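For reference, the structure is listed below as structure tokens.
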Amino acid sequence: MSENVVHLHKHTNPPVEPTTGDAAPTVLTVVPDAPPVRPVPLWVRSGRAVKTAVTHERTRSAGRAVVRHGLYTFNGGRIAARRAWDGRTGSRYERMIRAAEAAGNLEAAEEWEERLQRFRAARHHRRMDLLHSPVDAAKGVAVGAGMSVGVLVALGVVLAISTGKAADVVTPLTATIDFIALLIRIVQIVWGPAVTIGPFLALLALWSVGRKQHAAPQWALPANVRSGEGEPITPSIVVKALRDLGVPALARAIKEMGDAGASMLGPITIAGCGVEVDVTLPSGVSTNEVQSKRRKLAENLTRHEHEVFITIPQAARTVRLWIADSGALDEPIGPSPLVTDETMTADYTKGKAPWGQDLRGDAAALSLYQRHLLITGLSNQGKTVALRSLALWLALDRSVEFLIGDLKGVGDWAMFDGLATTLIQGPTDEHVIQVTEMVEGAVDEMNRRIQAPPGTTFPALIVLVDEAQMAFMCPAKDEDKRPYGGSKANSRYFMAVRKIHNQGRAVNVLMWQGTQDPTNENLPKLVREGAHTRASLALGTESQARMALGDKAVDGGAAPNLLRPGLDRGTLVVASDGITIPAGQSSITVRTHYIDDDAATAITDRAKALRDGVTTLHAIERKEEHDPLADIAAVIGDATRVRTKDVLARLATRNPDAYGEWSFIDLKRVLDDAGAEPYKSDGVMVVSRDRVARALANRDTEGSASAE
């Protein structure tokens, strides 16, 4: 038999039902009460409703509208009152005088003071006239009324004579009186409504003045006015942006100047895809106070930070603002002339490489003549393309020779195969060793050129290393335990670069380097400062910007660390005397042309056609080991003694690479070190076979003993 179970809550009376027949017994169990459902208080629901209403967008829009139109009227009244006060007093002139004095323009201050004196004199003359005006006005009214009555009576007499009726004498006078009565009646009818509507019309006029001036807080303005996106730059906007910059001394000075704060500004001129204006700061405000607030200034001008550049011109206490049109810097620039002009050639000595455009939209061209080059930036910002575009232009000068080391090794420089004398590509330590030996070979060539007769001219030799940080950070060492990387005096790559920096430009041996993320570890200070042209793409910090461009450029406004990684790819800041920089500035921002691999290949094909053919080496051919003392013994042969002149000639024939450049000094140094010094015989210097043989025997014996 099944049971019916009924659960009852405490304090609940169980139902009593009779059981009949075979009905299953009902088992009653008591369970605790569930928590009662309490009704939500009315005040809570009201609060929620109020909160929802307050946060609703329509409610907020309505609230902004009420505040906006109310302040339009109130501030419109303030503006109208101030205009009236300015018109009745000399306050406008006094503000202009203070502004001129603050700007240090004493001539303008004197001119405004003269205008103020003339205004006061004219006002005094008007006030003196007012003293006599009541009497003069009464006399005028009496005379005018008498003359008017006389004229009307005379007109009535003429009319009476014409009509023959004597009553027409007063007809003109009666008509005039009736007309005046009509005017009075009209005024009586209109006066009541005018008195009622007049205040509303006055408020409407004040509201119109406030609305035109946007005399309300930014948060209360309509969305299209509040955003200000693309708003033209005017003097009042610039002054307001400077006033709200958060520099107390600047804000106080502008407040004292009043509306004349625009006197701080020079002419606002169109400069490329933006405008440029010089701001003469008032006394007590330094230029770095404005420079350090670039983001806030940009936002006050309704621009993004990257659309405002602040530089320091030559004039004292002056900052130069370049303000881009909204969104203009995100638009790409046109293709490179190297791509569009297939007839273009290059001139290393007198020409300039077309690199891109400056922020004003003018062509930015760089002179490469006798200038070492360094380009830095974060990875994947366009460093290789910017460096390669310069090499592509210079390749169109058939006299220029290239030694290229690409330590990235992904084919960015592959199109120079058949154009460069040496092209080493790869990221390993072995590739770094090869590149180091390539640079050391350029040092040898530099020394050979330096020793040439004075006046000898040499074609340009460009030693180009991309991803140079790989070379500076290489841990490999040679057989003499000298490191290839590092920045110590025994570092092979570092010392080779330093030697070229020190003397290379005089004989047209130039060092070009591209490196990532400059630090003291991957770009030593002496190497950074050895470059004549220093350029940087986007960087992470100001300290890196100083390493890339130097303190002078950064203090003058250069800020590659404020470029946007990824978005400003290909935009770099250049510090060099090889590019036209506006007077007073220490750097210039350039948006470089993008030349892709296919276009680069087409340009190098044109460059190869200018040459007779270049065999590119992909590895450094290491010279065979030679023993100078043994070679000297070999060229002497069986002769007792041989003139030093003949020994040098025979050595050069035996091994031109090793001894082709030898002089008597080189020969004497080897023989002196071995103890087989040359001597005079019959008035000429000779080398003794026996002395050389004895030196060889002694050396071999010493070598065996030391080995044991």
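As the structure is a prediction and not an experimental result, all values here were calculated from the model.
At a threshold of 4.0 Å, the pair E299-R303 does not count as salt-bridged, since none of the basic side-chain nitrogens sits closer than that to a carboxylate oxygen. Salt bridge status for R388 with D406: absent, with no side-chain N to carboxylate O gap under 4.0 Å. K383 has a carboxylate O that lies under 4.0 Å from a charged side-chain N of E467, or vice versa, which qualifies the two as a salt bridge. By the 4.0 Å N-to-carboxylate-O rule, R546 lies close enough to E542 to be salt-bridged with it.
When side chains are defined from C-beta on, L562 counts as touching E305, because their heavy atoms get closer than 4.5 Å. Inter-residue side-chain proximity for M264 and L242 is flagged as met; some heavy-atom pair is nearer than 4.5 Å. Under the 4.5 Å side-chain criterion, counting only non-hydrogen atoms from C-beta, I462 is in contact with V400. The shortest distance between side-chain heavy atoms of T343 and T345 does not fall below 4.5 Å. Using a 4.5 Å cut-off on side-chain heavy atoms (C-beta onward), Q469 and P518 make no contact. Side-chain contact check for L321 versus V279: some heavy-atom pair is nearer than 4.5 Å. Contact check for L368 versus L366: side-chain heavy atoms found under the 4.5 Å cut-off. Counting heavy atoms from C-beta on, the side chains of S536 and L572 never come closer than 4.5 Å.
In this structure, a donor-acceptor pair under 3.5 Å is present between the side chains of N508 and Q370. Checking T269 against E276 by side-chain atom types alone, no donor-acceptor pair falls below 3.5 Å. Donor-acceptor pairing under 3.5 Å is recorded for the side chains of D466 and T384.
Shortest non-hydrogen contact noted between W355 and A386 is NE1-O, 3.1 Å. Closest of all the heavy-atom pairs between L374 and R528 is CD2-CA, 4.0 Å. Scanning all heavy atoms of the two residues, the minimum distance from V277 to G266 falls at CG2-O, 3.5 Å. Scanning all heavy atoms of the two residues, the minimum distance from A558 to L549 falls at CB-CD1, 3.9 Å. Of all heavy-atom pairs between I595 and A600, the closest is CG2-N, 3.7 Å. Counting all heavy atoms, side chain and backbone alike, S576 lies closest to G578 at OG-N, 2.9 Å.
The distance from atom CD1 of I333 to atom OH of Y594, rounded to the nearest 0.5 Å, is 13.0 Å. Between the CD1 atom of I79 and the CZ atom of F74 there is a distance of 11.0 Å, given to the nearest 0.5 Å. Atoms CG and CD1, on L392 and I603 in that order, are 5.0 Å from each other to the nearest 0.5 Å. Interatomic distance, T592 OG1 to R569 CZ, rounded to the nearest 0.5 Å: 11.0 Å. The CD1 atom of I323 sits 4.5 Å away from the CD1 atom of I233 when rounded to the nearest 0.5 Å. In this structure, CE on M547 lies 11.0 Å from CZ on R534, to the nearest 0.5 angstrom.
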**OP:** For side-chain contact (heavy atoms from CB on, under 4.5 Å), just list the numbers for M344 and L338, CA-CA rounded to whole Å, side-chain angles, deciding distance to a tenth of an Å, and then say yes or no.
**Re:** CA-CA 7 Å; M344 177 176 285; L338 290 171; 3.5 Å; yes
Subject >> Chi angles and distances behind the side-chain hydrogen bond (donor to acceptor under 3.5 Å, both in side chains) call for T311, W322 >> reply: CA-CA 8 Å; T311 53; W322 185 86; over 6 Å; no
Original post:
Does the pair L510 and Y369 meet the rule for a side-chain contact (heavy atoms from CB on, under 4.5 Å), with working shown?
Top reply: CA-CA 9 Å; L510 303 177; Y369 178 64; over 6 Å; no
**OP:** Could you go through the side-chain contact (heavy atoms from CB on, under 4.5 Å) check for V290 and L245 one step at a time?
**Re:** CA-CA 8 Å; V290 177; L245 201 55; 4.1 Å; yes
**OP:** Run the numbers on N300 and R295 for side-chain hydrogen bond (donor to acceptor under 3.5 Å, both in side chains), then give the verdict.
**Re:** CA-CA 9 Å; N300 290 348; R295 171 175 293 182; over 6 Å; no
**OP:** Please test W512 against V465 for side-chain contact (heavy atoms from CB on, under 4.5 Å), starting from the C-alpha separation and ending with a verdict.
**Re:** CA-CA 6 Å; W512 290 10; V465 180; over 6 Å; no
**OP:** Take D598 and T601 through the test side-chain hydrogen bond (donor to acceptor under 3.5 Å, both in side chains) and record every step on the way to the result.
**Re:** CA-CA 5 Å; D598 293 338; T601 301; 5.4 Å; no
Subject >> Check against side-chain hydrogen bond (donor to acceptor under 3.5 Å, both in side chains), D362 and Q357 >> reply: CA-CA 5 Å; D362 300 328; Q357 294 180 0; over 6 Å; no
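In terms of modelled atom types and a separation under 3.5 Å, the side chain of Q381 and the main chain of L378 share no donor-acceptor contact. Side-chain N or O atoms of R317 include one that pairs as donor or acceptor with a backbone N or O of L281 at under 3.5 Å. Put simply, the side chain of S389 never gets that close to the backbone of L387: no donor and acceptor are under 3.5 Å apart. In this structure, N522 contributes its side chain and F472 its backbone to no donor-acceptor pair below 3.5 Å. Remark: the backbone N or O of T533 is not paired with any side-chain donor or acceptor of R371 at under 3.5 angstrom. Side-chain atoms of T541 come within 3.5 Å of backbone atoms of Q544 as a donor-acceptor pair (strictly under, hydrogens ignored). For the pair S208 (side chain) and L204 (backbone), a donor-acceptor distance under 3.5 Å is absent.
In summary, of the residues considered (T571, L537, L539), a side-chain contact (heavy atoms from CB on, under 4.5 Å) with P560 occurs for L539 alone. None of D358, V574, I588 except one satisfies the side-chain contact (heavy atoms from CB on, under 4.5 Å) rule with I581; the exception is I588.
Heavy-atom neighbours of L567 CG from other residues, nucleotides or ligands within 6.0 Å: above the threshold of 12. Within 6.0 Å of the CD atom in E289, the count of heavy atoms belonging to other residues, nucleotides or ligands exceeds 12.
In this structure, R294 satisfies the cation-pi test against F309, with its NZ or CZ atom closer than 6.0 Å to the six-membered ring centre and inside 45 degrees of the ring normal.
Evaluation of the ring pair (Phe, Tyr, Trp, His ring centres under 6.0 Å) rule for H532 yields H372 as partners, not counting sequence neighbours. For W413, the ring pair (Phe, Tyr, Trp, His ring centres under 6.0 Å) partners at least two apart in sequence or on another chain are F416.
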